[in-house]
Amino acid sequence: MTEQAKVPSIRFAGFTDPWEQRKLGEIASFSKGSGYSKADIRESGIPLFLYGRMYTQYETRVDSVDTFAAPRPGTLYSKGTEIVVPASGESAEDIARASAITREGIALGGDLNVVYPQRMVTPLFLAYGLSHGSSQKLLAQKAQGKTVVHIHASDLKGLGIAFPDVTEQQAIGTFFSSLDDLITLHQRKYDKLVIFKKTMLEKMFPKDGESVPEIRFAGFTDPWEQRKLGEFSKKNTIKNANGALSETFTNSAEQGVISQLDYFDHDITNDANISGYYVVQPDDFVYNPRISATAPCGPINRNRLNRAGVMSPLYTVFSVDASMDKTYLEHYFKTSRWHDFMFLEGNTGARSDRFSISDATLFEMPIWCPEISEQIAMAKQLETTETLITLHQRKLELLRNIKKSLLDKMFV
């Protein structure tokens, strides 16, 4: 390696010395976790770290655990100065990761490679270095196996590691640890908002056999009524004559109504085939009979694209009149309130998890409706919550992208 290649592209001010390159086996000693498994977990006892946590709840820095076990002879306890690498996993990418255990006295379970770096390398810096960038790719290449892949201590010993002096390592480790704390903070806020929204969707609509919901805004006391979908909506039968509209929409279970142009490099429907497609205006609703009625966001979605397009005649497009708030109805279709109707009326096809109903039956669907002012109040609250969820989701994506970019540029 040239001297230029021995430094990362981004460094903290004051650090100019080249990084050193060594084999991991030259700067660390190795051990193996003891034979604890998921079956050994108890409500109390000694703190236990299992290798499965590195897949389900991965953290680069581990200073606490929420699993416990009964103590047993021969247990390997953490010293707070080691890192752990999974010894087995489902894929090479999954297994190529490391966590620094920063608390002593944690039992280290089976299927863990335990690495004790010498004082020239800090555990947190080494954990970040092994879990990202070129070192992670080299670690993944050493994984052996097909159905289940394995990494042994002998594989780790031959791994090339580049590192600066300890002071720079500590600065890098502290920086990324703080960034991880910020990501965790936004993740918790996001998770709480998602749970809050789910709770609101369950409690702001009447339960079976009741005419009012469990939670209402102050000032609303009138009982709700059930109206058939067809009483306030109308099927759209306007077709795309002569290919006047060429942007083709589809109804995704995960994303709702989307434009094919937004998800593909071209519109996958030929202009010659869309003259018979139904026109979809902004705020129209689309029923997708090809999506399971148990799909998380449901087969009925609202066109929020703020532009018109065309939809395959395999879908049912309908508009809603002014007696129903469109945003309220959109959130209503995100609840499970209408699923019973779908299951009761749906015709089970070749696949037992697929349901569809005719248009005539669809418009017989009963919908719980409060007065329009209460609909608007509910819709406003749910929209505010959804906006906050989106905000924290975007912050999470931004922070993760920043972290990934910096990891690529701050390690050799």
Side-chain angles (χ1 to χ4, degrees), residues 23-132 135-136 138-140 142-145 148-159 161 163 169 173 176-177 180-181 184:
K23 297 292 186 183
L24 186 57
E26 298 174 7
I27 59 173
S29 57
F30 300 82
S31 185
K32 194 77 183 291
S34 48
Y36 287 97
S37 67
K38 189 176 180 180
D40 296 310
I41 293 177
R42 301 290 183 268
E43 292 185 0
S44 61
I46 59 172
L48 174 66
F49 183 91
L50 295 173
Y51 86 100
R53 178 189 173 111
M54 301 190 74
Y55 304 117
T56 61
Q57 194 179 340
Y58 175 70
E59 299 170 294
T60 310
R61 185 193 75 234
V62 177
D63 49 25
S64 64
V65 295
D66 54 6
T67 48
F68 305 90
R72 63 172 63 160
T75 296
L76 180 65
Y77 291 96
S78 66
K79 300 177 182 179
T81 57
E82 60 272 275
I83 70 167
V84 291
V85 177
S88 63
E90 293 184 359
S91 70
E93 290 72 23
D94 285 341
I95 205 172
R97 62 185 64 190
S99 292
I101 309 296
T102 59
R103 173 185 163 188
E104 62 179 326
I106 297 176
L108 303 177
D111 246 6
L112 285 172
N113 291 300
V114 185
V115 183
Y116 300 95
Q118 297 174 13
R119 291 185 178 181
M120 66 181 70
V121 179
T122 64
L124 194 55
F125 170 85
L126 184 58
Y128 278 112
L130 287 176
S131 303
H132 305 90
S135 293
Q136 184 191 34
L138 291 172
L139 185 58
K142 291 181 177 293
Q144 306 169 19
V148 177
V149 297
H150 303 276
I151 288 181
H152 306 286
S154 57
D155 302 315
L156 295 171
K157 290 178 181 178
L159 194 66
I161 300 294
F163 56 94
Q169 291 179 44
F176 282 108
S177 184
D180 276 339
D181 288 341
T184 299

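Just so it is clear, the values below take in all heavy atoms, side chains as well, and ignore hydrogens, waters and symmetry mates. As the structure is a computational prediction, the values presented were derived from the model and not from experiment.
No side-chain heavy atom of Q118 sits less than 4.5 Å from a side-chain heavy atom of S29. Using a 4.5 Å cut-off on side-chain heavy atoms (C-beta onward), F68 and D40 make no contact. Two residues are said to be in side-chain contact when any heavy atoms from C-beta on lie closer than 4.5 Å; L124 and F176 fail this criterion. Put simply, the side chain of L76 reaches to within 4.5 Å of the side chain of S31, judged on heavy atoms. Taking 4.5 Å as the limit, some side-chain heavy atom of R53 sits within range of a side-chain heavy atom of V65.
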Q | E26 vs K157, salt bridge (Lys or Arg N to Asp or Glu O under 4.0 Å): CA-CA, chis, key distance, verdict | A | CA-CA 8 Å; E26 298 174 7; K157 290 178 181 178; over 6 Å; no
Q. Can F49 and L112 be said to form a side-chain contact (heavy atoms from CB on, under 4.5 Å), step by step?
A. CA-CA 9 Å; F49 183 91; L112 285 172; 3.7 Å; yes
Q) How far apart are the C-alpha atoms of S88 and D111, what are their side-chain angles, what is the distance that settles it, and do they pass the side-chain hydrogen bond (donor to acceptor under 3.5 Å, both in side chains) test? A) CA-CA 6 Å; S88 63; D111 246 6; 2.3 Å; yes
Q: Carefully, step by step, assess D155 and Q144 under the rule side-chain contact (heavy atoms from CB on, under 4.5 Å).
A: CA-CA 10 Å; D155 302 315; Q144 306 169 19; 3.2 Å; yes
Q.
Is there a side-chain contact (heavy atoms from CB on, under 4.5 Å) between F163 and T122? Walk through the geometry before answering.
A. CA-CA 10 Å; F163 56 94; T122 64; over 6 Å; no
Q: Take Y128 and S177 through the test side-chain hydrogen bond (donor to acceptor under 3.5 Å, both in side chains) and record every step on the way to the result.
A: CA-CA 9 Å; Y128 278 112; S177 184; 4.7 Å; no
Q: Take R61 and D63 through the test salt bridge (Lys or Arg N to Asp or Glu O under 4.0 Å) and record every step on the way to the result.
A: CA-CA 6 Å; R61 185 193 75 234; D63 49 25; 3.3 Å; yes
Q) Between L159 and L139, is a side-chain contact (heavy atoms from CB on, under 4.5 Å) present by the stated rule, with each step listed? A) CA-CA 7 Å; L159 194 66; L139 185 58; 4.2 Å; yes
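A donor-acceptor pair under 3.5 Å links the side-chain atoms of T102 to the main chain of V62, judged by distance alone. For the pair S99 (side chain) and E59 (backbone), a donor-acceptor distance under 3.5 Å is present. Of the possible polar contacts, none joining the S78 side chain to the I101 backbone as a donor-acceptor pair under 3.5 Å is found. Here the side chain of E104 pairs no donor or acceptor atom with the backbone of K79 at under 3.5 angstrom.
Applying the side-chain hydrogen bond (donor to acceptor under 3.5 Å, both in side chains) rule to S34 yields no partners; only residues at least two apart in sequence or on another chain are considered. Partners of F30 under the ring pair (Phe, Tyr, Trp, His ring centres under 6.0 Å) rule, at least two apart in sequence or in another chain, do not exist in this structure. Applying the side-chain hydrogen bond (donor to acceptor under 3.5 Å, both in side chains) criterion to Y51, with sequence neighbours excluded, gives no partner residue.
In terms of heavy-atom proximity, Y77 sits nearest to E82 at O-OE1, 4.3 Å. The minimum heavy-atom distance linking G33 with V114 is given by the pair N-CG2, 3.9 Å. When every heavy atom of S135 is checked against every heavy atom of G129, the shortest pair comes out as CB-O, 3.1 Å. P86 and Y55 get closest at one heavy-atom pair: CB-OH, 3.2 Å. Minimum interatomic distance between Q169 and M120 (heavy atoms only, all atoms of both residues): NE2-O, 2.8 Å. Nearest heavy atoms, V115 versus A28: CG1-CB, 3.6 Å.
The structure places CG of D66 at 10.5 Å from CG of L48, a figure rounded to the nearest 0.5 Å. Remark: N113 CG to I83 CD1 distance equals 9.5 Å, nearest 0.5 Å. Here the straight-line distance linking atom OG1 of T56 with atom CE of M54 works out to 10.5 Å at 0.5 Å rounding. To the nearest 0.5 Å, atoms CD1 (I41) and CG (L50) are separated by 5.0 Å. How far CG of L130 is from CG of L126: 4.5 Å, rounded to the nearest 0.5 Å. Atom OH of Y116 sits about 7.5 Å away from atom OG1 of T81, to the nearest 0.5 Å.
Stacking of R97 on the aromatic ring of Y58 is recorded, both the 6.0 Å distance cut-off and the 45° axial limit being met.
For CD of E90, the number of neighbouring non-hydrogen atoms (other residues, nucleotides, ligands) closer than 6.0 Å is 12 at most.
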